[in-house]
Amino acid sequence: MKPLSVGNVVSASVRLYRDRFKLYFGLAFQALLWGIVPIYGWAKLYQIQGIISRHALSEFAEQPETIDSIRNRLDRKMWDFWIAQILVGLIAFGVNFALSIVSGIIVGIVSGLEGIINLVTLGIYLWVYAHFFITELPLAVEENMNPKTAIKRSWELSKGLIPNIMGIIAVATLLTIPLGLIVLIPILITIPTVLINPSPEALLTALGMLVPLLIISFACMGLLVMPFWQIIKSLIYYDLRNRREGTGLQLR
């Protein structure tokens, strides 16, 4: 098969999201509500992300599954999704911490190269992150998977194709940037309040308005963006599985 096409992956993901927007937005809303509940709710949130990814994968593979059947299959893996996210987060933290130390030492020895070193450090971090980008897909799709084997599976599937995956992540990020403008709305609403009456009382009133509005705007942005990223992951996984193993996916 040809290497991953950034344009094809992103455009196909946009089309599926558009066609299943109501379904995936509803699932994202459930995930947001569960995210308010510590620990158990977070596990449910990650499970719902896996449900979205598996459903999107079944659409791409032309082996459609219902949300209820997927949910029943993934109920027993709820805590696995949570543990996998923690492990990936710890790996990302460890890599970032190590890179910060190394880059700090290099900058201290060789002055004037801070900008270049920061770019190299960022590139290495993204290279590692891309290896674990589809970790929840093996958990959601394959049998006999636990968090550790899912992380290993993600690394193995993505090996040798990291530049393509990074390109897809970059393009998808550019597409979602306009949604970040939602966050500016609360700021634009509260700024006139301060400019008209720049008193301590007006400032406190503006802050009182700004905080809940920011929370709402970030929540809205998350609701819109989360399903799109899960679809992106599912299509990357689908392409990698077909290329590596040369067979259609068997979801049942």
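Just so it is clear, the values below take in all heavy atoms, side chains as well, and ignore hydrogens, waters and symmetry mates.
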Worksheet entry | Transitive ILVMFWY side-chain link L90 to F132, under 4.5 Å | yes
By side-chain contact (heavy atoms from CB on, under 4.5 Å), I101 pairs with (sequence neighbours left out) F97, I105
Between S103 and S100, the two heavy atoms sitting closest are OG-O, 3.1 Å
Can you find a pair of side-chain heavy atoms, one from Y129 and one from I169, that are under 4.5 Å apart? yes
Taking every heavy atom of L27 against every heavy atom of I48, the minimum-distance pair comes out as O-CG2, 3.4 Å
Rounding to 0.5 Å, atoms CZ (F81) and CE (M78) come to a distance of 11.0 Å
For the residue pair F133 and S154, establish whether any side-chain heavy-atom pair is separated by less than 4.5 Å. no
**Study point:** K77 and N146, any side-chain heavy atoms less than 4.5 Å apart
**Key:** no
For residues T173 and T176, is any side-chain donor paired with an opposing acceptor at under 3.5 Å? no
Interatomic distance, NZ@K44 vs CG@L33, rounded to 0.5 Å, equals 12.5 Å
Partner of R54 under side chain to side chain donor-acceptor pair (under 3.5 Å), picked from E59, E136, E65, is E65
*Passes side-chain contact (heavy atoms from CB on, under 4.5 Å), L23 versus H55? Steps please.*
CA-CA 10 Å; L23 174 64; H55 186 272; 3.6 Å; yes
Heavy atoms of P227 and G222 approach each other most closely as CD-O, 4.3 Å
In this structure, CD1 of I51 is separated from CZ of R73 (nearest 0.5 Å) by 12.5 Å
Group every Ile, Leu, Val, Met, Phe, Trp and Tyr by side-chain heavy-atom contacts under 4.5 Å, then state whether F93 and Y125 land in the same group. no
Review point. Does the pair I231 and R20 meet the rule for a side-chain contact (heavy atoms from CB on, under 4.5 Å), with working shown?
Key: CA-CA 11 Å; I231 297 170; R20 299 289 184 270; over 6 Å; no
Between L235 and A12, the two heavy atoms sitting closest are CD2-CB, 3.6 Å
Practice task
Go through the side-chain N and O atoms of Q47 and D80 and say whether any donor and acceptor fall under 3.5 Å apart.
Solution key: no
Check the hydrophobic clustering (I, L, V, M, F, W, Y; side-chain heavy atoms under 4.5 Å; chains of links allowed) and say if I109 and V120 are grouped together. yes
- Distance flag, aromatic centroids of W82 and Y40, threshold under 6.0 Å: no
Atom CD of residue position E156 - does it have more than 12 heavy atoms of other residues, nucleotides or ligands inside 6.0 Å? yes
When rounded to the nearest 0.5 Å, the distance separating CH2 of W34 from OH of Y46 is 15.0 Å
Do the charged groups of D239 and R243 touch, with an N to O distance under 4.0 Å?
yes
For this session: Answer yes or no: is there an ion pair linking R76 with E143, defined by an N-O contact shorter than 4.0 Å?
Result: yes
Between A219 and L32 the two heavy atoms that sit nearest each other are CB-CD2, 4.0 Å
Check: Are L119 and V95 joined in one hydrophobic group, where the rule is that I, L, V, M, F, W and Y side chains link up if heavy atoms are under 4.5 Å apart?
Finding: no
query = So, does W155 use its side chain to make a donor-acceptor pair with the main chain of H131 at under 3.5 Å?
reply = no
- Task: Answer with yes or no whether the side chains of T121 and N118 bring together a donor and an acceptor at under 3.5 Å.
- Result: no
All heavy atoms of L224 vs all of Y17, minimum pair found to be O-OH, 2.7 Å
The reported gap from CD1 in I165 to CD1 in I134 (rounded to nearest 0.5 angstrom) is 6.0 Å
Notebook entry, point to check: If you group Ile, Leu, Val, Met, Phe, Trp and Tyr by side-chain heavy-atom gaps below 4.5 Å, do I216 and F218 land in one group?
Noted result: no
- Task: Applying side-chain contact (heavy atoms from CB on, under 4.5 Å), run through V6 and N164 and close with a yes or a no.
- Result: CA-CA 7 Å; V6 174; N164 306 87; 5.6 Å; no
Here the gap from K233 atom NZ to S53 atom OG, rounded to the nearest 0.5 Å, amounts to 6.5 Å
Keeping the roles fixed (side chain from N96, backbone from A92), state whether a donor-acceptor pair exists under 3.5 Å. no
(request) Taking the side chain as every heavy atom from C-beta outward, state whether F21 and L16 have any atom pair closer than 4.5 Å. (result) no
Report task. Without swapping roles, check the side chain of R153 against the backbone of P138 for a donor-acceptor pair under 3.5 Å. Result -> no
